[in-house]
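Here's the structure, in structure tokens; my notes come after.
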Amino acid sequence: MRWTLQPKPSPEKVKALAAELNVAELIAMLLVQRGIETYEAARQFFRPSLSDLHDPYLMKDMDKAVARIEAAIANAENILVFGDYDVDGTTAVSLVSSYLKSFYPNVATYIPDRYNEGYGVSYQGIDFADDNGFTLIIALDCGIKSIDHVAYAKEKQIDFIICDHHRPGDTLPEAVAVLDPKRADCDYPYDELCGCGVGFKLIQALAQNRNQTVEDLLPYLDLVATAIAADIVPITGENRVLAKFGLEVINSNPRPGIKALVQNVKKKTLTITDVVFIIAPRINAAGRIKHGNEAVALLTEYDLEQAEFFASEIEQHNSDRKDLDKQITAEALSQITENNETKKFTTVVYQENWHKGVIGIVASRLTETYYRPTIVFTKSGDKLAASARSVKDFDIYNALEACAAHLEQFGGHMYAAGMTLKEENYAAFKEAFERTVEETIHPNLLTPEITVDAEINLTDINEKLIRILNQFEPFGPQNMTPVFMTKGLKDSGYAKGIGSEEDHLKLYVKQNNSPGFGAIGFGLGKKLDLVKNQQSFDAVYCIDENEFNGKVSVQLRLKDLR
């Protein structure tokens with residue numbers, strides 16, 4: 001593990017902000033590190049408001065999209081809401097279809113089959129639209145590269161509106177409207193929205209057109225917050241506003257489908273992290289194991305009893321998914337060892353019978369063992385399909401672009417991508433990918449890094465600090481939970497390994513004559529010898545509040561020790 005202390009921002013900026021906000025310099029420093037340097041920026045950060053959301057009509061083509069949908073409604077056309085099978089896609093489809101259905105009946109949804117159709121807009125989906133009299137398709141979380149598909153639909157007199165957030169290619173599809181804040185010619189002020197976020201901007205524009213306010217759309221924000229959490233987009237700007245209000249809906253009055261998924265969770269208040277680890281995997285499991293339609297059925301169901309039935313089926317898919325992912329990860333790890341590939345710059349593995357629905361998770365698991373860019377292939381029809389995952393600060397999309405000659409197609413972003421290739425090109429691709437990464441990756445990026453916000457003493461930790469840190473939520477990319485480093489700690493003779501295999505560490509730490517704090521280190525059991533017999537050590541940690549038997553105490557969540 002590398003510990004990287006963030007550079008200290010300018011002391012003048014920190015002092016000025018601390019004075020203006022009447023907070024400790026430590027808090028001001030954390031804010032400046034997050035790009036918050038003025039009173040107004042701090043207000044937007046600590047008190048996100050729906051009025052901070054941008055006018056949806058600032059997005060290129062939004063006027064065209066709204067005009068086309070309104071024309072479809074006026075002419076009683078059938079509208080098909082089409083989206084990808086992951087969390088971002090299924091929440092986006094649920095969002096846009098349920099909003100349209102609130103005032104217009106001729107709306108249906110379509111999620112492609114992960115196995116028969118693959119990712120994105122499919123010819124099968126367009127044929128389905130044609131056979132069933134749909135003349136408008138709204139594609140969500142996909143479509144930005146579907147040039148041939150959109151042309152094919154046009155021949156059948158079917159129009160497309162594309163709502164996507166992936167990077168466009170050099171040419172855009174000839175759709176009626178292409179909503180994508182990453183378009184080079186789009187001046188929309190915020191380009192980090194997820195697919196469901198772009199879908200939300202569309203319904204916000206439609207709502208404005210129908211004299212509704214953004215407050216009328218609050219009930220839809222549980223879906224948007226779920227997508228923001230699952231898609232790991234930055235929790236800054238509009239995403240912060242949408243995530244904050246969406247979490248409030250999840251915690252106070254979620255739709256029956258989400259209520260059914262979380263009703264067995266013991267926690268009173270769910271955080272973004274809980275959404276990532278509890279809600280998102282279950283929604284994803286439907287598309288991985290059975291079909292993404294099941295997720296849409298759950299998320300658009302208004303009857304709680306029926307939603308509970310759907311949720312129990314999805315719970316079973318999630319349990320199957322866990323078993324598969326364990327088994328395939330074990331097989332992939334032994335393949336790496338057998339092929340003597342433990343010392344390479346990349347992990348590329350393939351087995352034809354691996355379940356296509358979990359190869360993305362397996363790729364993430366493998367990066368936990370061998371920290372390097374990773375691709376997991378399986379057989380899909382007459383081709384190989386793969387999921388790729390990267391390490392911090394390495395752009396895997398660019399690396400794939402450099403190897404594009406060997407690929408049939410690929411898409412994605414900096415940290416995650418998908419691709420297909422012909423089986424006879426696998427060995428050449430694997431070699432080219434290894435060579436590309438070796439030539440372009442900085443060696444430091446192959447060691448996991450903990451970014452430390454500030455070095456503090458235990459005496460700096462008090463109720464006021466914790467109260468303000470709690471207001472930094474929701475946490476996520478570009479606004480991660482603050483990580484602190486403290487040197488010269490000692491355990492008060494309490495240190496022990498806990499858990500069934502004693503792989504976690506429990507301590508009670510002090511620094512000189514400071515107050516003591518309970519500390520827990522998940523996965524740090526093997527470091528017990530470092531802290532025994534009151535030896536001095538340094539730690540990096542987050543500050544948590546731990547609730548036990550109704551009592552709340554401060555606890556340090558250790559990330560590493562040395």
Side-chain angles (χ1 to χ4, degrees), residues 2 4 84 86 88 118-120 142 144-145 164-171 180 182 184 191-192 231-234 329 332-333 335-336 339-351 354 356 358-378 380 383-449 451 477-478:
R2 287 180 292 140
T4 307
D84 187 29
D86 67 2
D88 196 12
Y119 169 80
C142 61
I144 198 65
K145 288 186 168 176
D164 206 344
H165 69 122
H166 297 99
R167 283 193 235 178
D170 297 333
T171 317
D180 187 335
K182 291 195 175 77
D191 65 0
E192 296 289 359
D231 226 51
I232 317 186
V233 287
T329 301
L333 286 169
Q335 190 180 116
I336 294 166
N339 294 344
N340 290 324
E341 292 176 342
T342 57
K343 299 276 187 279
K344 294 176 75 168
F345 286 83
T346 62
T347 297
V348 180
V349 286
Y350 162 55
Q351 195 165 300
W354 283 342
K356 191 177 165 192
V358 298
I359 55 176
I361 300 175
V362 172
S364 297
R365 297 259 188 271
L366 297 179
T367 57
E368 289 166 18
T369 307
Y370 297 104
Y371 191 74
R372 58 202 190 188
T374 297
I375 305 180
V376 180
F377 279 92
T378 185
S380 179
K383 296 202 175 86
L384 306 193
S387 260
R389 294 293 181 270
S390 192
V391 294
K392 188 171 181 250
D393 293 335
F394 182 75
D395 193 327
I396 204 161
Y397 185 91
N398 286 348
L400 291 174
E401 215 158 28
C403 306
H406 306 286
L407 298 170
E408 291 294 288
Q409 64 185 98
F410 70 99
H413 43 80
M414 181 166 176
Y415 289 122
M419 73 213 75
T420 55
L421 52 69
K422 290 180 176 153
E423 188 156 12
E424 61 265 27
N425 294 338
Y426 172 73
F429 167 77
K430 182 169 176 169
E431 201 176 301
F433 184 67
E434 169 73 14
R435 195 171 55 246
T436 301
V437 174
E438 183 178 356
E439 287 166 3
T440 56
I441 198 164
H442 191 288
N444 272 356
L445 300 186
L446 296 166
T447 307
E449 175 186 46
T451 305
Q478 293 181 31

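Counting from 1, the numbers follow the sequence of the chain as shown. The basis for the numbers below is simple: all heavy atoms, side chains too, and nothing from hydrogens, waters or symmetry mates. Just so you know, these numbers come straight off a predicted model, no measurement behind them.
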Side chain to side chain contact (heavy atoms under 4.5 Å, CB included) assessment of Val362 paired with Trp354: CA-CA 10 Å; Val362 172; Trp354 283 342; 6.0 Å; no
Straight-line distance of Asp180 CG to Ile144 CD1, nearest 0.5 Å: 4.0 Å
Distance (rounded to the nearest 0.5 Å) between Ile336 CD1 and Thr342 OG1: 9.0 Å
Taking every non-hydrogen atom, the tightest pair across Cys142 and Gly120: CB-CA, 3.9 Å
Least distance between heavy atoms, Arg389 atom then Ala363 atom: CG-CB, 3.6 Å
Intermediate values then yes/no, side chain to side chain contact (heavy atoms under 4.5 Å, CB included), Phe345 and Thr436: CA-CA 10 Å; Phe345 286 83; Thr436 301; over 6 Å; no
Heavy-atom donor-acceptor pair, Arg2 side chain to Asn444 backbone, under 3.5 Å: yes
Heavy-atom closest pair, residues Lys356 and Ser380: NZ-OG, 3.4 Å
Asp395 vs Pro373 side-chain heavy atoms within contact, under 4.5 Å: no
Evaluation steps, side chain to side chain contact (heavy atoms under 4.5 Å, CB included), between Thr347 and Arg372: CA-CA 7 Å; Thr347 297; Arg372 58 202 190 188; 2.7 Å; yes
Gap between atom CD1 of Ile375 and atom OG of Ser390 - 0.5 Å precision: 9.5 Å
Donor-acceptor pair, side chain of Lys182 and main chain of His165, under 3.5 angstrom: yes
Residue pair Lys145 / Pro168: nearest heavy atoms and the distance that separates them: CE-C, 4.4 Å
Closest approach of Pro234 to Gln478 (non-hydrogen atoms, all atoms of both residues): CG-NE2, 3.5 Å
Aromatic plane relationship, Phe377 with Tyr426 - under 30° parallel, 30 to 60° tilted, over 60° perpendicular: perpendicular
Solution key, residues 400-422 side-chain donor-acceptor pairs under 3.5 Å, sequence neighbours excluded:
residue: Tyr415; atom: OH; partner: Asp393; partner atom: N; Å: 2.9

Closest heavy-atom pair and its distance - Asp164, His166: OD1-ND1, 2.7 Å
Inter-residue atom distance Lys392.NZ - Tyr371.OH, 0.5 Å rounding: 7.5 Å
Min side-chain heavy-atom separation Tyr370-Lys344 under 4.5 Å: no
Asp88 CG to Ile232 CD1 distance, which is reported to the nearest 0.5 Å: 11.5 Å
Side chain to side chain contact (heavy atoms under 4.5 Å, CB included) between Glu341 and Lys430, intermediate numbers included: CA-CA 12 Å; Glu341 292 176 342; Lys430 182 169 176 169; 3.0 Å; yes
Straight-line distance of Arg435 CZ to Thr440 OG1, nearest 0.5 Å: 11.5 Å
